[in-house]
There are 2 protein chains.
Amino acid sequence: MASFKNLYSNRKLDPGFDSNFSVDYVIPYNIPEEGKAEAEAGFIQLIEALVKVGLTTEVRNGRDRSLLIFVKVASEKVLSDQVYWSRLSDWLNGARTVGPDKDLASSFRDEPVSEAERLRVVYLLMTKPKNEGGAGITPGSGLWKNVDSIFPLHNHTFNRNWIQKMSSKYIIDDTNLNEIRNSFGESIAFYFAFMQSYFKFLVFPAAAGFATYSLLGQFSWLYTVFVSLWSVVFFEFWKRKEVDLAIQWGVRGVSNIQHPRPQFEFEHEAEDPVTGEMVKVYSPFKRLGTQLLQIPFALACILVLGTLIATCNSLEIFITEVYDGPFKQYLTFLPTVILVVMTPTFSTVLQAFAERLTQMENYETLDAHHAALVQKQFVLNFIVSYMALFFTAFVYIPFGNFLVPYLDIWRAAAQRLTPSGKAFATQEFVINPARISNQMFYFTVTAQVVNLITETMLPYVKRQVLNEAKEVQSKITNNGQGKKIEDPPEEEAFLNRVRSEVELETYDVTNDYREMVVQFGYLSLFSVAWPLAACCFLVNNWVELRSDAVKIAITSRRPIPWRADSIGPWLNALGFLSWLGTLTSAAIVSLCSSKDPNGAAGSLTDHKGWAVLLSVFLAEHFYLAVQMAVRVVMSKMNSPGVQKERKERFLMKKKLLQENLNQEVDEKAAAPGIAKTEEISRAVLEEEARQASIRGQGLADEM
Amino acid sequence: MASFKNLYSNRKLDPGFDSNFSVDYVIPYNIPEEGKAEAEAGFIQLIEALVKVGLTTEVRNGRDRSLLIFVKVASEKVLSDQVYWSRLSDWLNGARTVGPDKDLASSFRDEPVSEAERLRVVYLLMTKPKNEGGAGITPGSGLWKNVDSIFPLHNHTFNRNWIQKMSSKYIIDDTNLNEIRNSFGESIAFYFAFMQSYFKFLVFPAAAGFATYSLLGQFSWLYTVFVSLWSVVFFEFWKRKEVDLAIQWGVRGVSNIQHPRPQFEFEHEAEDPVTGEMVKVYSPFKRLGTQLLQIPFALACILVLGTLIATCNSLEIFITEVYDGPFKQYLTFLPTVILVVMTPTFSTVLQAFAERLTQMENYETLDAHHAALVQKQFVLNFIVSYMALFFTAFVYIPFGNFLVPYLDIWRAAAQRLTPSGKAFATQEFVINPARISNQMFYFTVTAQVVNLITETMLPYVKRQVLNEAKEVQSKITNNGQGKKIEDPPEEEAFLNRVRSEVELETYDVTNDYREMVVQFGYLSLFSVAWPLAACCFLVNNWVELRSDAVKIAITSRRPIPWRADSIGPWLNALGFLSWLGTLTSAAIVSLCSSKDPNGAAGSLTDHKGWAVLLSVFLAEHFYLAVQMAVRVVMSKMNSPGVQKERKERFLMKKKLLQENLNQEVDEKAAAPGIAKTEEISRAVLEEEARQASIRGQGLADEM
């Protein structure tokens, strides 16, 4: 693993880090003690399969009874053929406007092959099914069960340069995004592009939030309207930006080119009405039936996690605001401890359910499967992240007074547990609207900081400790067996580096997206209770963006550079949170801001019920109207990407036309119609017409 | 004009009706008394311009100092060139997937030229600007101010056949639609297709309405939910159907090929970023500024028409429900008389305003101009059609009790007018929820019948009377001047028929769409107050569909067969009415259905306010959820048109590919990659790999 020092110092990179020896991919291959013969046979098949598709291999020892297979393309010809076919298939699938040039040399001059494209093409060459011309390697399953994984090596020269650039600049510009794209693929470049846009947009609510907090305090209508407006504009902006980037990067429509999911089970085969090929079919209506199970799943999530959160919250309320007995300072932490222990447990179970459900939905393609899984995970994240705040905002604050008598269960339960019959000391219950602000502070500051640390520092520390432990263990084992990996001295540094990279975790951009979308949710749904939230997010995201770069470059394996033409299922999640945010903000403000003399602060009265309902209703229509207006205005703006695409399409057609028609075109275009008209003497016709206006004339009857 | 008798009888068509003598268009040309010389010079220019673009002409006398110019294409070559160029330009503009074949004969064999296409191409040849290869004739303006109009002649043989078919069938099928399309163009075919779909869908609310009316009475929640669901399904269905039809008819995207609006004023010229041509530009943001004037315009409409309707309604309520004095039976009609007289007056003024506003918005194209005008007219129609019902549902019923004291203005006003000081006899005011049902009955039955009569019978009768009058006048004039049109006997019948067709009105499909959309609005917004509405509409529309056919075939000039790829701006209107309908229905039902013991039937109490707001809120979200669900389900369904288009595109690309690559394709497709891979002895590699797994080996270092 590259160390921070190594990447940050200005001196030359450590030996072993400065070159990949043209290796494209590394395949760690396990040779277990039992089934050694089988594993060795599989190994030979693997090498054969790789060679067959035009790859060359080298093999070295890995750690712990494993081999490292280094894979590279056998010749530039194989690569250029593969790139050509990939571009051609893009064009056939509608992801490119212009087909690739037959002349490969000129084609690659106009559009050079980036590192990401090379790696992607090679990866597909290894993993595509055999009937599609690939080697059909599926790590970990069937014939390839001993294939641990397939991953590309980091380009540490690029990485060092990249991290240095990122940490010395405030803003990531298009050049940086292009570099990311060329090195890690569009899928990750989209994440950085999204982060950058979101970061820039956050400046507005941060400023508004700061001003509101200093001048108007919490629960301000002005701030609600502003955040609602902002979230609509941001959402619509990103929707356009996404399309634009996809076109500029030449990946628009790649989400339609999907990789088949090996686990897909088909009902019958049928002819594809478009291409005429035989395709495997699974009835979409049968799937729709399975998808309906999502509703009971969502209800189960709400029930399980909701009950947990409501229980812990009510217990906490009882202890902090009603209970006044002994050990109060320790008991306060009890609900938090229960939550911290139980939430991951329940989440894991529900997560497993979600995966099972998605499998049952039996999608044809990996993308569809992934999107469906993300959607279910979003439901879980939504509940875990926001339920406590929902409970406070819409149960504790409006109905606190009515619900306090029910808190007596806690008293009764506690009383039964304590042997002495004396009653607990209690204090009078008063609803504390500051509770929601405190919770928001926790979620936006404490939780983000903790998360940042666990995300970047922890894997690093964990890895260091594990490495030390392994080395010690390795020494002990070697002493026992008297065997040690002996590398030739010129390879030692490189092989050690590769062995470290094998140990790293796989980077999944989904988790980073999830974090940002959940953050957007806090801002949109509840920031009205603590307007400084956006300021904290602004600081957090500046660091996050850089720490994500470090995570990709240092603490993870290099990801496969997949393509993408959008941020995928997260776009819908953003839209949903933006809409829901308008409703909750309006409800919270109208609940907490008015100074109703009859009720306690925030407590629900008949009059207030009206006000809440009406304000939610109005806020929603304000949101819908703004959305419509923003869409109209944005549709008037020129989008460079869309224009580029239209131009390309037009020029392609023009070219085709000229090729086909050659001379004819110029001739006809000059004066269509007339060139071909029969020669009729004009003077004769004029005279005739004049005559006709005066007297009736025989009609040239054609009967 | 063709008479009903002529078209319905089974014997041969009257002489003059059975053939158009290959005439494509008729141009009536006025020669006014003053400026006769100028008109004659213009006439010569007109004939010259027509001949120049490849048309031949014949001239005959028309009625009232006018000439009739008969236009036809000079040769089949001119026509086929024009059709070819029109199809080519469609392809360049993206309205066709496949460019037309260079070989005209085979192109026309695959895709014959329909009557509609021929007429459209010839019309464009006459009216396109000169720099685009047309004759540049703009009837009624500039050089062509004496050109009355340009219109094609009816094909009475087709018309008779068509009307007979329509009146003998319950349902119009795709063959009928294709006939309409081939004869009158896609624009009118779309209207019939929409009518047919709407008619079929109406069966469901008609059945539900009848069942509700018989079993549950008015103001039923069940019916509200059903109609809301139905309107979503219908709207989403039609959105898909529209796209599908457009593809099947080969007109998808023709709305992008727009005809420039001659009155358009540009700010500056700029290069088109797509085609590279110089285009005239008007800032869209400047236009957006002008478009914002629509908001005060809409408010003015609501204020002017709303005040009128509210005044007349309150007066009517006072007279029918409070007033009990003399002349009550006559006075009851007073508000209706005021409404009938004043509404058209105000409407005309506002309509003029709408036209002025649309002109100020300065659109580049006729379509955009038309859509903007339709949008403004829809606001007017909306107010005129629904305001009275809105007033009853949301002012009279909930607030009637509070507002009755204000009705005293009427009493005071009346008292001042009557000399005798005696007080008026009044009765106690009781809110009458049946009022809304009575109004609905009026709008859905009385108004529709009256409308049907005015639409079909009136023009017919008017024309007959006018014709009689003209004949008499003509006789008198001829006696005075001693001059009479003398036609050769073989032409007399035909010329008389043409002279009649000149007198007919121009058919505008917009008005028929408007009628249907307004009807859909009644159903969606208020039918809950009178569930039988849909039954009446079902009957009405069966007749309407046929009477519209008669209107086009008999009482109007033959329309220019324009193309269209949708029902245009009406789609948005439908969506809006469907959404608003859910809100109003829920509000009306919760206002009128509950038997609140404290208030009068329908009168608003505090409790009811809550209920109304809540039910509207829930209904809206029910609507949005259903919409989403319907969209998901519909997206899973195969759409024949869309599939056809995708297939065409795929085949075109495949063909291009094969043409370009010839042999190469087959070779490579068989085994991509491997064919080109260097020949590496497999056995050697296998052995090497096996060796490598056991001992370290020198890496083929390329440094």
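Only this structure's heavy atoms are used, side chains among them; waters, hydrogens and symmetry mates stay out. None of these values were measured; they are calculated from a predicted model.
- Neither the backbone nor the side chain of B/Leu292 comes within contact range of chain A, judged by heavy atoms closer than 4.5 Å.
- More than 12 heavy atoms of other residues, nucleotides or ligands shown are found within 6.0 angstrom of CE on A/Met634.
- With a 4.5 Å cut-off on side-chain heavy atoms, B/Arg287 and A/Lys636 do not count as touching.
- Of the atoms belonging to B/Tyr29, not a single heavy atom falls under 4.5 Å from chain A.
- Interface remark: B/Val73 contributes no atoms to any contact with chain A (heavy atom separation under 4.5 Å).
- By number of non-hydrogen pairs under 4.5 angstrom with chain B, the leading residue of A/Phe285, A/Trp91, A/Phe617 is A/Trp91.
- With a 4.5 angstrom heavy-atom cutoff, B/Leu613 touches chain A via backbone and side-chain atoms both.
- Atoms CG and CG, from A/Leu614 and B/Leu614 in turn, are 12.5 Å apart once rounded to the nearest 0.5 Å.
- In this structure, chain B has no heavy atom under 4.5 Å from any part of A/Leu46.
- Neither the backbone nor the side chain of B/Leu50 comes within contact range of chain A; no heavy atoms are under 4.5 Å apart.
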